[in-house]
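Below is one structure, written out as structure tokens; the observations come after it.
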Amino acid sequence: MQLIIHRGTQEIGGSCVEIKTTNSRILIDLGMPLVSSSGERFDPNILKGKSVEDLKKLAVLPRIEGLYKDEKRSIDGILISHSHLDHYGLLGYVHPDIPIYMSEGAKELIDITNLFVYREARSLNTKVISNKESFSIGDFKITPYLVDHSASDALTFLVEVERKRIFYSGDF
Ligand SMILES: [Zn+2]
């Protein structure tokens, strides 16, 4: 098992973590950055009219193979902890076949926010998950837990794989 923190360690927001085995790969969160690579406040208008390749060069999209539309898909699923843009705001760029797991409350809030905020808008391949109901993605067993955060129906995740346990606390 390998854990890769693509973004979100030395900054607030833009969270994205990958966990992979030889057979399976999942991401937890795919957030929009809150600061640009030069350290200023991130302006979402920079996204307009840009391709995935453009946004990789600008370091807006993390370089993750098999994640984006027009690539050969190799990510098995994405877990979204909660409905804040710095945790889900880049989902519009992912391959349409990748299932995206989130709570009912997060799904509703993301759908509503999409009506107002500029983003690569299209319907997501969403799978609704519930507090304490375990499910599997490839080699991974995942159990979501409800957590108190300023986003309704926010989840943390216990990920069990290869006899190891990883707990992702989101913004708690
Ligand atoms: Zn948050």
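FYI, the numbering just counts along the sequence from 1. Atoms within each ligand, like the ligands themselves, are counted from 1 in listed order.
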Cluster partners of Phe172, using ILVMFWY side-chain heavy atoms under 4.5 angstrom, listed by chain and number? Val147
Other hydrophobic cluster members with Leu34, side-chain heavy atoms of Ile/Leu/Val/Met/Phe/Trp/Tyr under 4.5 Å, chained? Ile12
Exam field: side chain Asp43 to backbone Asn45, donor-acceptor pair closer than 3.5 Å: yes
Listed once per pair and sorted, the side-chain hydrogen bond (donor to acceptor under 3.5 Å, both in side chains) pairs that draw on residues 151-166, sequence neighbours left out: Ser103-Asp153
Plane angle bin for His84 and His149 - parallel if under 30°, tilted between 30 and 60°, otherwise perpendicular: perpendicular
I need the protein N, O or S atoms closer than 2.8 Å to the Zn ion (ligand 1), given as residue plus atom name. His82 NE2, His84 ND1, His149 NE2, Asp171 OD2
Quick one: closest heavy-atom pair of Tyr93 and Val52, and the distance? CD2-CG2, 4.1 Å
